[in-house]
Amino acid sequence: MHNDLITTLAAARKAHQMTQAQLAESAGLSRMTVQRTEGGDLDPRYSTLAEMARVLGMDIIAVPSSLRPSLQAFIQSGGKFLGQPEGVDAPPSVVDGLRR
């Protein structure tokens, strides 16, 4: 899970066409911290990852492990369950489950 998060943050940085130095400066971190985090050479604190995410316009959320596969499928389907007709809103069950 930890590596998934770091990989996602690195991909988001690249999608924003930011260098590690630019991300570091915007997040109040050293370039070396960003480089070592992305390279897997550093076990970062939550606050480091949260600042990186904030700069990239992202939030880090905690999701119960049992709901992770359903949430990933929901997100990958664009907010719809597979096989759901076009124009139909996603049922509230997944979202409601996360709010509890």
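Residues: numbered from 1 along the sequence shown.
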**OP:** Provide the closest heavy-atom pair for Pro69 versus Ser65 in the form atom of the first, atom of the second, distance.
**Re:** CD-O, 3.6 Å
**OP:** State the CD-CG distance between Gln72 and Asp4, to the nearest 0.5 angstrom.
**Re:** 7.5 Å
**OP:** Drop me the distance from Ser26's OG to Glu51's CD, to the nearest 0.5 angstrom.
**Re:** 10.5 Å
Original post:
Which heavy atom of Thr37 sits nearest a heavy atom of Pro44, and at what distance?
Top reply: CG2-CG, 3.8 Å
Original post:
Where do Ala53 and Ile60 come nearest, in terms of heavy atoms and distance?
Top reply: CB-CG1, 3.9 Å
**OP:** Mind checking the CG-NZ spacing from Leu23 to Lys14? Nearest 0.5 Å is all I need.
**Re:** 12.0 Å
**OP:** Measure the CG-OG1 distance between Leu9 and Thr48 for me, rounded to the nearest 0.5 Å.
**Re:** 11.0 Å
Original post:
Which pair of non-hydrogen atoms, one from His16 and one from Leu56, has the smallest distance, and what is that distance?
Top reply: CE1-O, 3.3 Å
Subject >> Qualifying salt bridge (Lys or Arg N to Asp or Glu O under 4.0 Å) pairs, either residue in residues 20-40, two or more places apart >> reply: Arg13-Glu38
Original post:
Of all heavy-atom pairs between Gln22 and Gln17, which one has the smallest distance, and what is that distance?
Top reply: OE1-O, 3.9 Å
Original post:
For the residue pair Ala27 and Met52, what are the closest heavy atoms and their distance?
Top reply: CB-N, 4.4 Å
